[in-house]
Amino acid sequence: MRPAPRPPGSVMTKPSARDDRPRAHVALFEATSLSARGIKEQLVARSFPTASVHLYTTRTDPDSNLTEFGDEAMLVTRPDIEALGPLDIAFLCGTREEGERYLAWADRVGFVAIDVSGASRGSDAIPMINVAVNPESIPAHHGVVASPHPIAQFLSTLLAPLQRAFRSVRAAAVVLQPASECGERGIEELYQQTLGLLNFREVPNTTFGRQLAFNLLPSSLYEVRSIPGGASPADLEAEVTRITGEGLRLAVEVVLAPVFHCHSALVHLELPAGTGRESLEAALRGAREIRIATASDPNTPVDRAGEAGLSISGIRPAGADGAFWMWAVTDNLKSGSALNAVRIAEAILDRKVLAAH
């Protein structure tokens, strides 16, 4: 990849003597969003080999002018398709509507766009990748690749090893979704609602549409599209089965919960008759991303916040032969779409997809 003049709002990076991987020119669109923050953290934490990093946004509020990458402060500029400069991999962040602005740019300019905004949801022509489940589906050419909704990422990571082990799996999951899935404004509104209620003041509800603090909101009581990349339960069911393939029958309900971070799920499983708990746990232990908590190991959103991976506890029989309950928790920022998107980018480099441009 050739050196190039440094455009505004970019950081040029130097190769590490210990890293002989190809280096990519990288961009983040809507780079001040919460999802972009997670991707920037993962790029730095995983030492992703960048030749340059470009940060863009169309947001006009003053806080959208400045951000950081690693330890370096950076100006964020408005994107211009005619002035992008060299670009290999871009992450489409922010809301679904924001991501839609850039979907056509990947083919027009010739880069790989990894969509975490949900803008490409519903398009069968765009591959949806959970690197823990179907990395072989990453295409060997430029264009758009979709990272699943964080809940679909969570459930497909959890259920895929069971489907591989038992072929036929029926599951029903009630997922508790944190306020951080609504971005910074969701975190702020939950905080302000909590303060307001504790101080007997009126609470804001512009993001959730009603009180979330000290409350639970099933999907029928809030506007799905108010959440960046928001998806209905039917959307999530379709995404998970699209990633895992045939053999999985899944029902999902989503409840917006008054917690800041981490997805949690109470999952009911129906496995083939005669399946014991030992076989179930053995299938789960075979997945690198999954850990089974001990009886004394706390497994709640508070305990798992900031931790990578997916933790399972509370496995117990559910009455019928081969039926079980289990409880699962994962940090949506540490192990959700951000990590998956960066792992997709790593796989692209490892497979030398960029050389095929």
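The figures here come from the full heavy-atom set of this structure, side chains too, leaving out hydrogens, waters and symmetry mates. Values in this document were obtained by computation on a predicted structure and should not be read as measured data.
Contact record, L339 with Q42: CD1-OE1, 3.4 Å, taken as the closest heavy-atom pair. Nearest heavy atoms, E98 versus G94: OE1-CA, 3.3 Å. Scanning all heavy atoms of the two residues, the minimum distance from E253 to S219 falls at OE1-OG, 2.7 Å. Here the closest heavy-atom approach between residue S313 and residue A293 is recorded as CB-CB, 4.1 Å. Shortest non-hydrogen contact noted between A51 and H25 is CB-CE1, 3.6 Å. The nearest pair of heavy atoms linking N205 to Q193 is CA-NE2, 4.0 Å.
Of the possible donor and acceptor atoms, none in the side chain of Q192 sits under 3.5 Å from a partner among the backbone N and O of P204. A side-chain donor-acceptor contact under 3.5 Å links S33 to the backbone of A36. Between the side chain of E189 and the backbone N or O of T206, at least one donor-acceptor pair lies under 3.5 Å. Between the side chain of N215 and the backbone N or O of Q211, at least one donor-acceptor pair lies under 3.5 Å. In this structure a side-chain-to-backbone donor-acceptor pair under 3.5 Å is missing from N130 to S147. Without hydrogens or angle criteria, T57 side chain to R59 main chain gives a donor-acceptor distance under 3.5 Å. When atom types are taken as modelled, the side chain of R96 and the backbone of S117 share no donor-acceptor pair closer than 3.5 angstrom. No donor-acceptor distance shorter than 3.5 angstrom exists from the side chain of S180 to the backbone of G183, with no hydrogens or angles considered. Between the W327 side chain and the T300 main chain, no donor and acceptor come within less than 3.5 Å of each other.
A 6.0 Å sphere centred on CD of E136 holds more than 12 heavy atoms belonging to other residues, nucleotides or ligands. For R46, the CZ atom sits in a packed shell: over 12 heavy atoms of surrounding residues, nucleotides or ligands are nearer than 6.0 Å.
The shortest distance between side-chain heavy atoms of F166 and P272 falls below 4.5 Å. Contact of the I89 side chain with the F111 side chain is not registered, since no non-hydrogen atoms from C-beta on lie closer than 4.5 Å. Using a 4.5 Å cut-off on side-chain heavy atoms (C-beta onward), V329 and L310 make no contact. Inter-residue side-chain proximity for L155 and L236 is flagged as unmet; no heavy-atom pair is nearer than 4.5 Å. Side-chain atoms of C262 and T330, non-hydrogen and from C-beta on, never get closer than 4.5 Å to each other. Between R185 and E188, every side-chain heavy-atom pair lies at or beyond the 4.5 Å cut-off. Taking 4.5 Å as the limit, every side-chain heavy atom of Y56 sits out of range of all side-chain heavy atoms of R78. Between I344 and F91, the closest side-chain pair of non-hydrogen atoms is not below 4.5 Å.
To the nearest 0.5 Å, the span separating CE on M128 from OG on S120 amounts to 6.0 Å. One finds the CZ atom of R242 at 15.5 Å from the CD atom of E237 (value rounded to the nearest 0.5 Å). Note that CZ of F69 and NZ of K40 are 8.5 Å apart. Values are rounded to the nearest 0.5 Å. Rounded to the nearest 0.5 angstrom, L103 CG and L92 CG are separated by 6.5 Å. One distance of note links CD1 of I138 with CZ of R343; it measures 9.5 Å at 0.5 Å rounding. Atoms CD1 and NE2, from I151 and H263 in turn, are 4.0 Å apart once rounded to the nearest 0.5 Å.
In terms of hydrophobic clustering, with Ile, Leu, Val, Met, Phe, Trp and Tyr side chains grouped at heavy-atom distances under 4.5 Å, L284 and V133 are assigned to different clusters. By the criterion of side-chain heavy atoms lying less than 4.5 angstrom apart, applied directly or through intervening Ile, Leu, Val, Met, Phe, Trp or Tyr residues, L197 is not grouped with L217; the two fall into different hydrophobic clusters. Note: the hydrophobic cluster containing I129 also contains I39 (ILVMFWY, side chain heavy atoms under 4.5 Å, direct or indirect links). Y191 and I187 fall within a single hydrophobic cluster, where Ile, Leu, Val, Met, Phe, Trp and Tyr side chains are chained together by heavy-atom contacts under 4.5 Å. In the hydrophobic clustering of this structure, L190 does not group with V302; members are Ile, Leu, Val, Met, Phe, Trp, Tyr whose side-chain heavy atoms approach within less than 4.5 Å, directly or through other members.
A salt bridge links R101 and E30; the closest N-O separation between the charged side-chain nitrogens and carboxylate oxygens is under 4.0 Å. A salt bridge links E281 with R285: the closest approach of a Lys/Arg side-chain nitrogen to an acidic carboxylate oxygen falls below 4.0 angstrom.
For residues 289-313, there are no ring-ring contact (aromatic ring centres under 6.0 Å, His included) pairs, not counting sequence neighbours. For residues 264-276, no pair satisfies side-chain hydrogen bond (donor to acceptor under 3.5 Å, both in side chains), with sequence neighbours left out. Contacts classified as salt bridge (Lys or Arg N to Asp or Glu O under 4.0 Å) and involving residues 317-332 (residues at least two apart or in different chains) are not found.
Side-chain polar atoms of S337 and N340 form no donor-acceptor pair below 3.5 angstrom. The closest side-chain donor-acceptor pair between S311 and R291 falls under 3.5 angstrom.
Each of H149, R121, Q153 was evaluated against E239; a single residue qualifies, R121, per the side chain to side chain donor-acceptor pair (under 3.5 Å) test.
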Side chain to side chain donor-acceptor pair (under 3.5 Å) evaluation trace for E181 with N332
CA-CA 8 Å; E181 280 305 302; N332 56 313; 2.8 Å; yes
Candidate pair I81 and V109, rule side-chain contact (heavy atoms from CB on, under 4.5 Å), full reasoning:
CA-CA 8 Å; I81 193 171; V109 177; 3.6 Å; yes
Please determine whether side-chain contact (heavy atoms from CB on, under 4.5 Å) holds for the pair L248 and V240, giving the CA-CA distance in whole Å, both sets of side-chain angles, and the decisive distance to 0.1 Å.
CA-CA 9 Å; L248 173 66; V240 174; 3.8 Å; yes
Is there a side-chain contact (heavy atoms from CB on, under 4.5 Å) between L55 and T77 once you walk through the steps?
CA-CA 7 Å; L55 304 181; T77 59; over 6 Å; no
Between F48 and V26, is a side-chain contact (heavy atoms from CB on, under 4.5 Å) present by the stated rule, with each step listed?
CA-CA 10 Å; F48 185 83; V26 173; 3.8 Å; yes
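Aromatic pair W105/F29: centroids less than 6.0 angstrom apart.
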